[in-house]
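Working notes for the structure below.
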Amino acid sequence: MPEALNVKNTGLRGVTVADTKISHVDGANGILIYRGYRIEDLARNSTFEETAYLLLHDTLPNEEQLKDFRRKLVEAGELPSFVFDSLRKLPKTSQPMDVLQASIPILAAADPDLQSETREANISQAIRLIARIPMIVAGWDRLRRGHEPVPSDENLSHAGNFLWLLKGTYPDAEIAHDLDTALLLHADHSFNASTFACREVVSTRAHMYAGVAAGVGALSGSLHGGANAQVMKMLQELEHEKDVAGWVRKQLDSGQKIMGMGHAVYKTLDPRARFLKDMCFRIGKKTGQEQWCGLSTQIEEAATLEFEKRGKTAIKPNVDFYSAPVYHMMGIPHDLMTTVFAIARIAGWTAHIIEEKFGDAQGKPALYRPSSEYVGNYCGRTGCAYEPIWERK
């Protein structure tokens, strides 16, 4: 008998639970691949829309296919009136990720393909979610600030349209392009916590919206998507700090984290962070806010050196470390940063949901049902004797 692997209480680190054809993360070498394509090639040459098509269809589109895909996104970009009517009833102090998660079942009620489990129906649902989540995020931000949502502009890119929906003014073309690249970089990342949550839920044969709602919930946590807002909070607190290296040392001595440093998989620099760091300095120069990039670099260098002194050479900046100042300089409110992550990751979530539902990489779908080991009270095989409440001491 082979020796059993003890995987308890490890967060499933290093445990392969399924096959996938969607993306691959080589943590040792800092490589990320979508459907066979290196993230570097896609970031330099592709767009978010084209990458979303790749994730959903397992191939890059030709010109006609991409045109048709964009047309479907535009057509899906008109929400039924009851969606925003529902959001108007929420307290203005509601957290954006909670609002987004609450909105997913509302969007499900507006989907004509909800009861169909064909591949075509699921792809149609995916397209609607990709198109509509940016509208929910931007619309909620406008409503809570006392403004009405604005309609989509079909002449803008997916990223550019989000900035228009958010601010009600047309975005700078270069900023819109940078956001498009940032969305592409965040579009998928194999079996991360939120993607696994999506797949686990739909393995029960729940519909796509149920899986996405679970993904949004997982993404909201500070150890996952919520980290970027925490990074920006850290930067603002250190804006006038004269001894960044000293702050880093004290932080680590007290057992605290340096937000945005380290990754569950990467043991070297996150390949997405390279692009976002370059983007940070470019946008900083354009907007006159280079101080955030300079401060981020100071923290990165001080933390890397301090970690190396402590024998932790694998802790490097992750995707959140530079996406936070990038989004800040784009004018995106800090509590919306994680929802922007969701605007990107919905492409990957829906691709994984479809793969899970149809067993594309595993031959056939299977219900997730892991085992656990009971370590609680034990009174023998017959169980503990129940005592009436009046006899308990």
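Position 1 is the first residue of the sequence, and the numbers go up from there.
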Mind telling me whether His263 and Tyr266 have parallel, tilted or perpendicular rings, with 30° and 60° as the class edges? tilted
What class does the angle between the rings of His334 and His328 fall in, given that below 30° is parallel, 30 to 60° is tilted and above 60° is perpendicular? tilted
Could you check whether any side-chain N or O of [X] sits under 3.5 Å from a backbone N or O of [Y], counting only pairs where one atom can act as donor and the other as acceptor?
{"X": "Glu356", "Y": "Pro365", "answer": "no"}
{"X": "Thr304", "Y": "Glu301", "answer": "no"}
{"X": "Thr350", "Y": "Ala347", "answer": "yes"}
{"X": "Ser194", "Y": "Ala218", "answer": "no"}
{"X": "Gln125", "Y": "Asp113", "answer": "yes"}
{"X": "Tyr374", "Y": "Asn377", "answer": "yes"}
{"X": "Gln362", "Y": "Gly359", "answer": "no"}
{"X": "Arg272", "Y": "His186", "answer": "no"}
{"X": "Thr268", "Y": "Gly30", "answer": "no"}
{"X": "Ser23", "Y": "Ser190", "answer": "yes"}

Could you pull out the closest heavy-atom pair between [X] and [Y], with the gap in Å?
{"X": "Cys293", "Y": "Gly284", "answer": "SG-CA, 4.4 Å"}
{"X": "Val202", "Y": "Gly211", "answer": "CG1-CA, 3.9 Å"}
{"X": "Pro333", "Y": "Arg144", "answer": "CB-NH2, 4.2 Å"}
{"X": "Phe307", "Y": "Ile315", "answer": "CE1-CG2, 3.5 Å"}
{"X": "Asn122", "Y": "Ser116", "answer": "ND2-O, 4.2 Å"}
{"X": "Ile39", "Y": "Leu185", "answer": "CG1-CD2, 3.7 Å"}

Considering only NZ, NE, NH1 and NH2 on the basic side and carboxylate oxygens on the acidic side, decide whether [X] and [Y] come within less than 4.0 Å.
{"X": "Arg44", "Y": "Glu40", "answer": "no"}
{"X": "Glu174", "Y": "Arg282", "answer": "no"}
{"X": "Glu63", "Y": "Lys67", "answer": "no"}
{"X": "Arg274", "Y": "Asp278", "answer": "no"}
{"X": "Arg249", "Y": "Asp253", "answer": "no"}
{"X": "Lys316", "Y": "Glu308", "answer": "yes"}
{"X": "Glu148", "Y": "Arg88", "answer": "yes"}

Assess the residue pair Phe162 and Val137 against the criterion (side-chain contact (heavy atoms from CB on, under 4.5 Å)); give the C-alpha distance rounded to whole Å, side-chain angles, the decisive distance to 0.1 Å, and a yes or no. CA-CA 9 Å; Phe162 170 67; Val137 172; 4.0 Å; yes
When you look at Leu42 and Leu54, which way does the side-chain contact (heavy atoms from CB on, under 4.5 Å) test go after all the steps? CA-CA 11 Å; Leu42 293 171; Leu54 169 67; 4.2 Å; yes
Roughly how far, to the nearest 0.5 Å, is the [atom2] atom of [Y] from the [atom1] atom of [X]?
{"X": "Arg70", "Y": "Tyr53", "atom1": "CZ", "atom2": "OH", "result": "12.5 Å"}
{"X": "Lys257", "Y": "Gln251", "atom1": "NZ", "atom2": "CD", "result": "11.0 Å"}
{"X": "Ile346", "Y": "Leu100", "atom1": "CD1", "atom2": "CG", "result": "8.5 Å"}

Glu355 and Thr20: side-chain donor and acceptor closer than 3.5 Å? yes
Looking only at side chains, do Tyr327 and Asn228 share a donor and an acceptor under 3.5 Å apart? no
Flag if over 12 foreign heavy atoms under 6.0 Å of [atom1], [X]:
{"X": "Glu391", "atom1": "CD", "value": "yes"}
{"X": "Lys364", "atom1": "NZ", "value": "no"}
{"X": "Lys167", "atom1": "NZ", "value": "yes"}

Could you see if [X] belongs to whatever hydrophobic cluster contains [Y]? Use Ile, Leu, Val, Met, Phe, Trp, Tyr and a side-chain cutoff under 4.5 Å.
{"X": "Val25", "Y": "Val15", "answer": "no"}
{"X": "Phe191", "Y": "Ile353", "answer": "no"}
{"X": "Ile130", "Y": "Ile106", "answer": "yes"}
{"X": "Ile33", "Y": "Val265", "answer": "no"}
{"X": "Phe82", "Y": "Ile104", "answer": "yes"}

Stepwise side-chain contact (heavy atoms from CB on, under 4.5 Å) test for Met337 and Ser323: CA-CA 9 Å; Met337 288 181 178; Ser323 68; over 6 Å; no
Using the rule given for side-chain contact (heavy atoms from CB on, under 4.5 Å), can you reason through Leu367 versus Thr204, listing the C-alpha separation, both sets of side-chain angles and the distance that settles it, and then say yes or no? CA-CA 6 Å; Leu367 172 68; Thr204 70; 3.6 Å; yes
Can you list the steps and then say if His352 with Phe196 is a ring-ring contact (aromatic ring centres under 6.0 Å, His included)? CA-CA 9 Å; His352 277 274; Phe196 183 66; over 10 Å; no
Could you check Leu55, Leu219, Ile354, Leu129 and say which one makes a side-chain contact (heavy atoms from CB on, under 4.5 Å) with Trp349? Leu219
Residue pair Asp180, Ser157: steps toward the side-chain hydrogen bond (donor to acceptor under 3.5 Å, both in side chains) verdict: CA-CA 8 Å; Asp180 185 84; Ser157 68; 4.8 Å; no
Show, in sequence, the C-alpha distance, side-chain angles and deciding distance for Glu64 and Arg71, and conclude whether the salt bridge (charged side-chain N to carboxylate O under 4.0 Å, His left out) test is met. CA-CA 10 Å; Glu64 189 59 36; Arg71 177 186 59 79; over 6 Å; no
Within 45° cone of Tyr386 ring axis and under 6.0 Å: Arg392 NZ or CZ: yes
Does the side chain of Glu241 come within less than 4.5 Å of Leu295's, by heavy atoms? no
So which of Arg119, Lys21, Arg35 actually passes salt bridge (Lys or Arg N to Asp or Glu O under 4.0 Å) with Asp360? Arg119
